[in-house]
Amino acid sequence: MPYSCDRIETLCCASIADAAVDFGVRNVSLGHMTRDLLAAKVSSAYAGGRVRFMSTGSLSHVTPEGKAKMVDVSGKSVTQREARARAVVCVGPKISQLIRSNEIRKGDVLSVSKIAAILASKRTSEIIPLCHNIPLSLVDVTTKLNTQTHEVIVEALVRCDGKTGVEMEALTAVTVASLTIYDMCKAVSHDIVIKDVMLVAKSGGKTDYSRNSTEKPDEKEGDLKKITLKYNRDPLEDKDERFYPTPI
């Protein structure tokens, strides 16, 4: 016998209440918890023997029926939009030395990865299904080798005059650059870790974002311990030893 709509909502609320107690959540109404934590509501008791859940519309790429869609930006104003992204590639001491002396067999790692990033940013809409095809006015990519930490730091600045932002283009640029570095160096070693792929800042749209602005005022720029803990890793303290996150 299928459950009624009211019965299903009651079960959902009870499950959320139990989870809230487990996680120490207090003074939150079940109605808000149902909406915010599940982001869905029961729209019909049963339709063809199946329960159908409706999205609350909090995700712009999801219809009220829960289906993916491309966002309509025709009503937005054209503004100059900019995004910065960053990634780190841990290559180890051996590869680091080969990159520095430009002795990797496939060629100049830093230059080739930079070109790959620029090409990828211009084709982001072909890789990410719901991205808009945006004419870019600037793609500036830098790849720097840190010979002390044996890491390649990849940064990308992307700019356009358009109706939607370019953070996906910036993130795609640094990601593909990192993959290119891996591809060019994997013949030497597969012990290469791509980490800290992140949006650094964006501007020009409805809301601006800067990763630095999320830090507390008393945090210093070079405080690596606080930055590390922010990304939910466990750094080695008081040891002269590098830390590599475990790849997933």
Supply the atom-to-atom distance [X] [atom1] to [Y] [atom2], rounded to the nearest 0.5 angstrom.
X	Y	atom1	atom2	result
Ser77	Lys206	OG	NZ	12.5 Å
Cys160	Arg81	SG	CZ	7.0 Å
Glu167	Thr172	CD	OG1	10.5 Å
Asp191	Ile95	CG	CD1	8.0 Å
Met168	Thr175	CE	OG1	8.0 Å

Do the side chains of [Y] and [X] get nearer than 4.5 Å, heavy atoms only?
X	Y	value
Val73	His132	yes
Val166	Ile134	yes
Val158	Glu82	no
Ile194	Leu179	yes
Cys185	Ile99	yes
Asp161	Thr79	no

Report yes or no: does [X] contribute a side-chain atom to a donor-acceptor pair with the main-chain N or O of [Y] at less than 3.5 Å?
X	Y	value
Lys202	Ala85	no
Arg159	Leu136	no
Ser111	Asp108	no
Arg211	Leu199	yes
Asn102	Leu98	no

Hydrophobic cluster membership, with links at side-chain heavy-atom distances under 4.5 Å among I/L/V/M/F/W/Y: are [X] and [Y] in one?
X	Y	result
Leu145	Val88	no
Val154	Ile127	yes
Met184	Tyr182	yes
Ile192	Ile181	yes
Leu157	Ile153	no

Heavy-atom closest pair, residues [X] and [Y]:
X	Y	value
Ala173	Ala156	CB-CB, 3.9 Å
Thr180	Ser113	CG2-CA, 3.8 Å
Val176	Ala116	CG1-O, 3.8 Å
Ala170	Ala83	CB-O, 3.9 Å

task: Please test Lys94 against Val188 for side chain to side chain contact (heavy atoms under 4.5 Å, CB included), starting from the C-alpha separation and ending with a verdict.
output: CA-CA 8 Å; Lys94 185 176 181 179; Val188 179; 3.9 Å; yes
message: Looking at Lys186, I want to see if its NZ is surrounded by more than 12 non-hydrogen atoms of other residues, nucleotides or ligands under 6.0 Å.
response: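 More than 12 within 6.0 Å, yes.
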message: Taking Glu169 first and then Lys122, would you say they form a salt bridge - that is, a charged N and a carboxylate O separated by under 4.0 Å?
response: no
Residues Lys106 and Asp183 bridged, charged N to O under 4.0 Å: yes
